[in-house]
Amino acid sequence: MDLGKEGPLVHIGACLANLLSQGGEGRWRLRWRWLRYFNNDRDRRDLITCGASSGVCAAFRAPVGGVLFALEEVATWWRSALLWRTFFSTATVVVVLRGFIEVCRDGRCGMFGEGGLILFDVSDVTVRYHVGDLLPVTLVGVLGGVLGALYNHVLHQVLRLYNLINAKGRLAKLALALAVSVFTSAGLYLLPFAVPCTPCDPAFGDACPTVGKSGNFKQFNCPTGYYNDLASLLHATNVDATRNIFSTGTAGEFRLDSLLIFFGIYCVLGLFTFGIAVPSGLFLPIILMGSAYGRILALVLARFVRIDHGLYAVLGAAALMSGSMRMTVSLCVIFLELTNNLLLLPITMFVLLIAKTVGDAFNPSIYEIILDLKGLPFLEPKPETWMKDLAVGELAAAKPRVVTLQVIEKVSTVVEVLRSTPHNGFPVLDWPRPGVSELHGLVLRSHLMAVLKKRWFLTDKRRTEEWEARERFSSTELAEKSGSIDEVAVQLTPEELDMYIDLHPFTNTTPYTVVETMSVAKAVVLFRTCALRHMLIIPKFQGPEIAPIVGILTRQDLRAHNILGAFPHLANKRKVH
């Protein structure tokens, strides 16, 4: 199927990192004491980022590219410590991978390890640039940006349709996956019959026609001494097909009509395969499409092309990936590690920048489109221009009234608040003197659940000392997942529900607060830069009759889609900008 392996491997790496940060799940939970140091939000994020970079490294054998991929695409909050942690992770992956490749060198592990650490080696070609090469290379970048943006648009429509089909249940998912499988099998088998056989060049020697599983010259339906160039691409694994099309010194190996058919079928398969109920990645399908259109351009512009056709396939793949995914630095390094040709660096950078610039003029990257379809609260590095015209106080006023707790609160009130809301944090108010309230801080849902589980209740309203809380609660217990409130509430007696909880020891008294007149654009930058989960909004003016808190914002509240839902008139400003 037209699928890549980097998506599943990134997902597997992130899942393993998340499980490791918690010590596992259920009866497989590990009780190693050192794991408790990762049982907090920041280190869990770091581990997941390391897992994702390790997945990219395992898929493409690109350790530095994996680090840069995590920096450019995965992590919303980057710090210096995370740099060496991801580098250590990818270095470990590549060492282990290299060890297995050595063990499996003699074919004892099937097709695993073929090609060594360099998947698509084109280092045997000396790259020389001329002024005349700038025009065709620029055309590769521009077309890569246009085709990438078009691919994103069509894939967005396909994924919306697939969401409706997959929502109908398991049978619908199975039927869709089977239909795509049948279509893929039929297309890949039948299409090579549409092209004529090509006689083997004597220079190819015994390699033509190919007899084994992989190779550039599949005989298929051709007589002895001939090969079917389209079958060489379609009847091979995705990695082998990419090696074939990247192969250098083979300007006349693939016919123009075969490349056009290959490009067309892989465009269709790439659009209709991604999104079915099968683990899949986008890198390899886009590489295959881009390499085909790079070869096509090299054949069409043969009079003006001085660079090897195989290198044009590399540039086409890079351009289409940049036009679709809008990555630059990490993509450049990944392609250098894939092809092992440092001489391609300047021209690859040139193509990537052109393709990204052209693609950005049409629509967002494919990752942003998928995140938006799934409704995940991912904040972009740069807020939209129209957000500066809206204040956070206005945004808070459009939300339901904020749920607050007192510093000394009844158990029944805490239980009711946890049952009625899914919030992760609650502002805590204090009353230093009658008629005057002030914001004391923010208490987390997990901390409230830990208090309820341990039944640390008071019979009367009084303030406890911090040492009392330290004796009863460890940092590990407070960092654990909260669980279900209903399971805890049913175990509480009516007498316990009438008792009190002192929230002083569990409240963060220095949460991030902003004045209600701050623009949403500034709030988005602060939220992302500081990796916040909550942001409290306080009034501009203080007074006895003024509430000490206006509202609380989370990532979901700062998503452009949700803001426009609450303020439809801003959609016109968005179009103008």
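This structure is a prediction, so every number in the text was calculated from the model and none was measured.
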Taking all atoms of both residues into account, what is the closest heavy-atom pair of [X] and [Y], and its distance?
X	Y	result
Leu230	Ser258	CD1-O, 3.5 Å
Ala58	Leu97	O-CD2, 4.2 Å
Pro383	Ala521	CG-O, 3.6 Å
Lys168	Ala172	CB-CB, 3.8 Å
Ile354	Val142	CG2-N, 3.6 Å
Gly270	Leu155	O-CD1, 4.5 Å

I'd like to know whether [atom1] of [X] has more than 12 heavy-atom contacts from other residues, nucleotides or ligands below 6.0 angstrom.
X	atom1	answer
Phe350	CZ	yes
Phe183	CZ	no
Met349	CE	no
Leu164	CG	yes

For Tyr162 and Phe272, take the angle between the two ring planes, folded into 0 to 90°, and tell me which bin it lands in: parallel under 30, tilted 30 to 60, perpendicular over 60.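 If you compare the ring of Tyr162 with that of Phe272, the planes turn out tilted.
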
When you compare the side chain of [Y] with that of [X], does any pair of heavy atoms fall below 4.5 Å?
X	Y	answer
Glu337	Pro63	yes
Asp43	Asp46	yes
Leu269	Val180	no
Ile265	Leu234	yes
Ile286	Tyr151	yes
Ser365	Met325	no
Val93	Phe88	no
Leu174	Arg170	no

Distance only, no hydrogens: is a donor on one side chain within 3.5 Å (strictly under) of an acceptor on the other, for [X] and [Y]?
X	Y	value
Thr273	Asp2	no
Asp557	Thr554	yes
Ser232	Asp229	no

Under 3.5 Å: donor-acceptor pair, side chain of [X], backbone of [Y]:
X	Y	result
Asn228	Pro192	yes
Thr86	Leu83	yes
Arg326	Gly359	yes
Ser53	Val67	no
Glu73	Met327	no
Ser185	Val182	no
Asp360	Gly323	no
Thr339	Phe335	yes
Tyr293	Gly144	yes
Lys218	His235	yes

[X] side, atom [atom1]; [Y] side, atom [atom2] - distance, nearest 0.5 Å:
X	Y	atom1	atom2	result
Ile296	Leu299	CD1	CG	8.0 Å
Leu373	Arg160	CG	CZ	7.5 Å
Met321	Ile366	CE	CD1	12.0 Å
Asp133	Tyr312	CG	OH	5.5 Å
Thr237	Arg243	OG1	CZ	7.0 Å
His534	Phe527	NE2	CZ	7.5 Å

Please test Leu233 against Phe254 for side-chain contact (heavy atoms from CB on, under 4.5 Å), starting from the C-alpha separation and ending with a verdict. CA-CA 10 Å; Leu233 297 175; Phe254 300 104; 3.7 Å; yes

Could you please spell out the steps behind the side-chain contact (heavy atoms from CB on, under 4.5 Å) verdict for Thr348 and Val314? CA-CA 9 Å; Thr348 303; Val314 175; 5.5 Å; no

Test side-chain contact (heavy atoms from CB on, under 4.5 Å) applied to Leu150 and Phe362, step by step: CA-CA 8 Å; Leu150 180 62; Phe362 292 99; over 6 Å; no

Measure from NZ or CZ of Arg559 to the centre of the six-membered ring of Phe378, then state whether that distance is under 6.0 Å and the direction lies within 45° of the axis. no

Listing, residues 3-12 side-chain donor-acceptor contacts under 3.5 Å, not counting sequence neighbours, or none:
residue: Glu6; atom: OE2; partner: Leu282; partner atom: N; Å: 2.6
residue: Glu6; atom: OE2; partner: Phe283; partner atom: N; Å: 2.8

Would you please test Val333 and Phe69 for side-chain contact (heavy atoms from CB on, under 4.5 Å) and show each step? CA-CA 9 Å; Val333 174; Phe69 175 82; over 6 Å; no

